[in-house]
Amino acid sequence: MRTTPIDKYRNIGIAAHIDAGKTTTTERILFFTGVSERLGEVHEGTAIMDWMEEEQRRGITITAASTACNWKGCRINIIDTPGHVDFTMEVERSLRVLDGVVALFCAVGGVESQAQAVWRQADRHRVPRIAFINKMDRVGADFERVVKEIETSLGARPIPVQLPIGEGEDFRGVIDLIAEEAVTWDEASLGMKYEVGPIPADMADEAELAREWLIESLAELDTPLLEEYLERGEVGAAALNGALRRVTLELKAVPVLTGSSFRNIGVQPLLDAIVKYLPSPSDSAMREGVPKAEDEGLFSALVFKVAADPQKGRLCYIRVYSGHALAGDTLLAAGCEKKLGNLFRMHANEVFEIKEVFTGDIAAVAGMDELLTGDTICEVSDPIVLERLEVPVPVISVAVEPKNEADRELIENELSELVAEDPSLRLRTDLLTGQLLLSGMGELQLEVIAARLEKRVGHLFRVGTPRIEQREMPILSKRASHSASREIDGQRTDATVDVSVVPAPEVEGWVFEGARGQIEADKIGPLLAGFEEAMERGGSAGHPITGASVRLEKLSSNDGDAVLLKTAASRAAAKALAECGTVVLEPHMELEISGPEECLGDILSDLKSRGGRVEGIEQRAGFRVVKGVAPLRALMGYATSLRSKTKGRATYCMQFRRFKES
């Protein structure tokens, strides 16, 4: 039986650039809502949400962790996401199933590159957001500058609902512009106690102007508030909160709050804002492709994450969009009838068994090992397929070799399990060398996977030097055919495939354009498998093909032998590629390098020497930010070089932009 009404659910994520304070904020939320009895600290390796050994050792979030808490009658399901670009897939799949996001920004760093990437992801999924400007206690904190950057860099409409009282070491609380009062925290009580009082006299005029601007901004965006304002000449707190909720859900504006999670300042008002302004599952009708959120409806859920649990085996994390289900119910999972396995609520890596799930729930299910990220679970009587996740392109790979060939199967199986957990990883066998190739988003991601593999199998393998993933793109349009035949029990079977390969620079990977004339449905699978094999094998340089369109011109087959069809399709496509000629492409990365003014010359000259291109330079509090593009091959070992040239005072982050000719 449901214990919390659906309109009291809040499924939210906390997302931002690396080191903006996401996990610290989540830890404070758990502490102030009574879920945890202590304050977990990232720098001490005691954060509840960073439960993996690699997360604690490195002091970063690697995998999205799920938990839940209650605040003022609402159930808040929280997913704490990574900030490092190598783990952007964790953010992508979390945003796919969340109803709202708390976007964190560092009061010193402002809107940094990964924060922009996360914001674009949230835009794509049309997820409402509130902003929390964190670390107001740091030297160089500037609330107004970050608000302006949210507007200029993200194209958003920020509406501050708070003002900070002091900045840097003097930061001690916030002014609530809605309630027209000041809130200051007692740090001796670890932020559990706070005082509400009048606005300080020296900030009264500033607060009055800020509140007038808030009302005017909302009146521009929200007709009911405008009508009330014109009729009465003033509006109360309830009307302002109602308007803020409406414009947030309609993606017209973003309420902005502030605080310092590390010093336990501003977390309770943030929780209030989550409850007041972010959507419940009932508001999901505003998002396309999502079933109506109601317990009485037909069951539908999306598998958004797969993870291995030492006791429970493989766990599939699901978001329930409609209906309700009991453990053991027969449902359609990835197109096959299956019984729903044991159900669990998650608290980081802890599991708590439950009997049933309802609309809006985020839970985990065991015993359904065939499911993968992006699969749909629904009613047998009314099958639907929810939109799958977009998987980023892997840009770097390493060879994983067993020290003893007898251990190859074990290592390959364990790697396959790890790859099943993260769709941005790819495991394949090099067709020329026979090596296992593990590809991913960056060196850090592959290092983490190697460390996890070592923990599972010990020192039974060696990892090669990271190498850049390259692609080949056809230059010309060519047509080729191949005939294959074989004899089984004295009966000869034949297949001839005639295919065209055409350059398509706008296509990521390759696409099957179709066939001239009708072909039987049972022949499509073997043909596509053959084309896939040829595209994976690549052209003359042996790299997978991208930017290509494949068209079946003619097919001749006397009995539809699947093996023969696949062989003929693969050889025909390979011949066409050989005649097309190909050009080798390499990944180019977007860079954002931050450092002090005096290091700017060294940063620019080093970037130029690596074949990079500067696209802009920004001034932020006490430092410069260089934005540019460079080939990934020139950025291997860049972190060490940058630290050396700037005496450790500069940092950078990068993300994939596109494959481009060398």
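- Counting heavy atoms from C-beta on, the side chains of L270 and T25 come closer than 4.5 Å.
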Should D142 and V108 be marked as a side chain to side chain contact (heavy atoms under 4.5 Å, CB included) after you check the CA-CA gap, both sets of side-chain angles, and the distance that decides it? CA-CA 6 Å; D142 190 331; V108 179; over 6 Å; no

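- Side-chain contact check for V625 versus I617: every heavy-atom pair is 4.5 Å or farther apart.
- R246 and P224 get closest at one heavy-atom pair: NH2-CB, 3.7 Å.
- For the pair E149 (side chain) and V111 (backbone), a donor-acceptor distance under 3.5 Å is present.
- In this structure, OG on S94 lies 10.5 Å from OH on Y317, to the nearest 0.5 angstrom.
- A 4.5 Å side-chain heavy-atom check between I79 and T67 finds every atom pair outside the cut-off.
- At distances below 3.5 Å, at least one donor-acceptor pair connects side-chain atoms of R129 with backbone N or O atoms of V127.
- Considering only heavy atoms from C-beta on, M346 comes within 4.5 Å of L315 through its side chain.
- D295 and T359 are linked by a side-chain donor-acceptor pair at a separation below 3.5 angstrom, with hydrogens and angles left out of the test.
- With rounding to the nearest 0.5 Å, the separation of SG in C599 from CG in L604 is 11.0 Å.
- Applying side chain to side chain donor-acceptor pair (under 3.5 Å) to Q268 and the options W185, Y194, W71 leaves one that passes, W185.
- When all heavy atoms of R319 and D99 are compared, the pair lying nearest together is NH1-OD1, 3.2 Å.
- The two residues A210 and L177 make their nearest non-hydrogen contact at CB-CD1, 3.8 Å.
- The side-chain heavy atoms of L591 and V629, taken from C-beta on, include no pair separated by under 4.5 Å.
- Looking only at distances, a side-chain donor or acceptor of R145 sits under 3.5 Å from a matching main-chain atom of A107.
- Looking at heavy atoms from C-beta onward, V183 lies out of side-chain contact with E195 at the 4.5 angstrom threshold.
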Evaluate side chain to side chain donor-acceptor pair (under 3.5 Å) for E294 paired with S282, printing each intermediate quantity in order. CA-CA 8 Å; E294 55 185 9; S282 302; over 6 Å; no

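- Between V235 and L225 there is a side-chain heavy-atom pair separated by less than 4.5 Å.
- With R624 contributing its side chain and E597 its backbone, the two residues share no donor-acceptor pair below 3.5 Å.
- Tested against F105 for a side chain to side chain contact (heavy atoms under 4.5 Å, CB included), the candidates V146, V147, V256 yield a single pass: V146.
- In this structure a side-chain-to-backbone donor-acceptor pair under 3.5 Å is present from D283 to S280.
- Without hydrogens or angle criteria, S189 side chain to D186 main chain gives a donor-acceptor distance under 3.5 Å.
- The neighbour count for E598 CD, taken as heavy atoms of other residues, nucleotides or ligands under 6.0 Å away, is above 12.
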Step by step, would you call M203 with I175 a side chain to side chain contact (heavy atoms under 4.5 Å, CB included)? CA-CA 9 Å; M203 294 190 68; I175 291 174; 3.5 Å; yes

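- E234 has no carboxylate O lying under 4.0 Å from a charged side-chain N of R211, or vice versa, which leaves the two without a salt bridge.
- By the 4.0 Å N-to-carboxylate-O rule, R172 lies too far from D137 to be salt-bridged with it.
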Residues E167, M136; criterion side chain to side chain contact (heavy atoms under 4.5 Å, CB included); working and verdict: CA-CA 6 Å; E167 292 178 346; M136 281 301 304; 3.4 Å; yes

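- Between K305 and D422 there is no salt bridge, since none of the side-chain N atoms of the basic residue sits less than 4.0 Å from a carboxylate O of the acidic one.
- Heavy atoms only, all atoms of each residue included: Y277 and N241 are closest at OH-OD1, 2.6 Å.
- Annotation: side-chain hydrogen bond (donor to acceptor under 3.5 Å, both in side chains) contacts of R658 (sequence neighbours excluded): none.
- Ion pairing between a basic and an acidic side chain is recognised when a charged N comes within 4.0 Å of a carboxylate O; K627 and E590 show no such pairing.
- Distance check: I133 CD1 to K135 NZ gives 14.0 Å after rounding to the nearest 0.5 Å.
- Under a 3.5 Å cut-off, the side chain of T248 and the backbone N or O of P128 do not form any donor-acceptor pair.
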Can you check side chain to side chain contact (heavy atoms under 4.5 Å, CB included) on L30 and H347, steps first, answer last? CA-CA 10 Å; L30 296 178; H347 176 49; 3.9 Å; yes

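- Considering every non-hydrogen atom in both R263 and G168, the closest pair reads NH1-O, 4.0 Å.
- The line from CG of L214 to CG of L163 is 9.5 Å long, rounded to the nearest 0.5 Å.
- A cation-pi geometry, defined here as NZ or CZ lying under 6.0 Å from the six-membered ring centre and within 45° of its normal, holds between R2 and Y9.
- Looking at Q445, its side chain does come within 3.5 Å of a backbone N or O of M441 through a donor-acceptor pair.
- Proximity of a side-chain donor or acceptor of N134 to a complementary backbone N or O of T258 within less than 3.5 Å is not detected.
- Checked by atom type and distance alone, the side chain of R157 never pairs as donor or acceptor with a backbone atom of E151 at under 3.5 Å.
- No side-chain donor from either of R10 and N77 sits under 3.5 Å from a side-chain acceptor of the other.
- To the nearest 0.5 Å, atom CG of residue L98 and atom CD1 of residue I362 are 5.5 Å apart.
- Of the inter-residue distances, the one linking R126 atom CZ with L95 atom CG reads 14.0 Å to the nearest 0.5 angstrom.
- For S217, there are no side-chain hydrogen bond (donor to acceptor under 3.5 Å, both in side chains) partners, not counting sequence neighbours.
- Side-chain atoms of C69 and I78, non-hydrogen and from C-beta on, do get closer than 4.5 Å to each other.
- The shortest heavy-atom contact between F299 and V320 is CE1-CG1, 3.7 Å.
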